[in-house]
Amino acid sequence: MSGDTGLRPATRADLSATPLECAPTLLGAHLVTTIDGERTTLRVTEVEAYHGRGTGDRPDPGSHARMGKTNRNATMWGEPGHLYVYLSHGIHSCVNVVCGPEGLAGGVLLRAGEIVEGADAATRRRLERGGVVRASVDLARGPGRLGDAVGLRHPQHDGIDAITGEPRGGAVARLLLPTALVAGIATGPRVGVAGVAGTDAFPWRMWIAGDPTVSPFRWGRGAREAAQAGPARRTGADAVLD
DNA sequence: CCCTAGATGCAT
DNA sequence: TGCATCTAGGGG
């Protein structure tokens with residue numbers, strides 16, 4: 001079994017490796033946000049890695065960075081440890097931790113987590129944005145809900161520094177990493193990502209196996225096509241690494 | 001330009 | 001399944 005690992009403040013060096021390498025180290029991490037004096041702590045339970053051209057050993061067709069630098073995704077090219085906050089479907093603000101060296105695009109999407117402090121504030125933020133809260137495990141279950149719960153929004157908080165904790169847009173964010181890799185990390189295809197390369201080439205979703213706050217798997221366009229050609233997958237899980 | 005599709009969530 | 005509603009790419 002896994003003993004409780006400790007936590008320590010993240011450094012830029014911790015996040016200067018490729019997103020795929022950084023992703024598992026972010027499971028169990030804490031993202032602490034303070035907005036209008038209200039503090040919320042998120043324990044990260046599910047992530048996805050996204051590379052840019054030139055990062056890692058192959059191009060990533062699912063990444064916002066795949067077509068090069070734009071106004072929207074510029075934060076992905078910046079220093080590691082900042083947060084890339086983007087608008088999804090014109091509605092949801094989703095949060096990535098920028099990874100890899102400055103000048104090379106990359107990030108790890110925080111897909112789900114457990115609110116371990118500030119559940120009242122997180123609940124209110126979600127309700128204010130038109131969400132519904134049925135159970136506390138659902139507060140940050142899914143990237144859109146997670147963004148609402150921690151209070152980070154596009155565009156005002158895009159690029160906020162989670163290493164120094166420098167305020168941006170009225171918010172402060174800090175990232176704490178586990179001192180050891182958490183046990184029971186499951187891997188599988190990313191959710192909702194279309195792409196000609198399909199599922200099997202990019203099992204870049206990672207989560208803490210069995211954790212109730214992990215978001216439900218949903219077939220993406222590319223994932224469905226790939227699955228039809230290969231073995232059936234119901235849960236999206238490829239493997240559990242201990 | 002206009003159309004489509006998207007790293008989503010929610011009601012129907 | 002459709003909608004909310006913003007960004008970006010691809011095709012006229």
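In what follows, chains are A, B, ... by sequence order, proteins preceding strands, each numbered from 1.
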Hey, is A:Tyr86 stacking on B:dA7? Ring centres under 5.5 Å, planes under 30°. no
Give a yes or no on whether A:Glu166 atom CD has more than 12 heavy-atom contacts from other residues, nucleotides or ligands under 6.0 Å away. no
side-chain N/O A:Arg126 vs B:dC10 OP1/OP2, d < 4.0 Å: yes
Looking at A:Asp161 and A:Arg12, is there a salt bridge between them, counting it only when a charged N and a carboxylate O are closer than 4.0 Å? yes
Gap in Å between the two P atoms, one belonging to B:dC1 and one to C:dT5, rounded: 24 Å
Length of the CG-P vector between A:Asn96 and B:dT8, whole Å: 11 Å
Would you indicate, yes or no, if B:dA7 has its OP1 or OP2 atom less than 4.0 angstrom from a side-chain nitrogen or oxygen of A:Arg205? no
Here the distance between atom P of B:dA7 and atom CZ of A:Phe202, to the nearest Å, is 14 Å
Apply the side-chain hydrogen bond (donor to acceptor under 3.5 Å, both in side chains) test between A:Asp60 and each candidate in A:His51, A:Arg190, A:Arg53; give the one that qualifies. A:Arg190
Just checking, is any N or O donor in the side chain of A:Thr11 or A:Asp14 under 3.5 Å from an acceptor N or O on the other one? yes
Under 4.0 angstrom, heavy atoms only, what part of the nucleic acid is A:Arg66 near: base, sugar-phosphate, or nothing? nothing
Examine distances only and state if a side-chain atom of A:Arg145 and a backbone atom of A:Arg141 form a donor-acceptor pair shorter than 3.5 Å. yes
Do A:Arg125 and A:Thr40 meet the criterion of a side-chain donor-acceptor pair at a distance under 3.5 Å? yes
All stems with DNA chain C, defined as three or more consecutive Watson-Crick or G-U pairs under 3.5 Å: B:1-6 with C:6-11, B:8-11 with C:1-4
N/O donor-acceptor pair under 3.5 Å between A:Asp36 side chain and A:Glu38 backbone: no
A:Val116 and its side-chain contact (heavy atoms from CB on, under 4.5 Å) partner, picked from A:Thr41, A:Leu42, A:Val32: A:Thr41
Could you check whether A:Asp138 pairs with A:Arg126 (Lys NZ or Arg NE/NH1/NH2 to Asp/Glu carboxylate O, under 4.0 Å)? no
Whole angstrom is fine here: how far is it from CZ in A:Arg141 over to P in B:dT8? 15 Å
Across nucleotides 2-8 of chain C, 5' to 3', mark each nucleotide with B, S or - according to how protein heavy atoms within less than 4.0 Å reach it. --BBBSS
Within this structure, what is the CD-to-C1' distance between A:Glu48 and B:dG6, rounded to whole angstrom? 14 Å
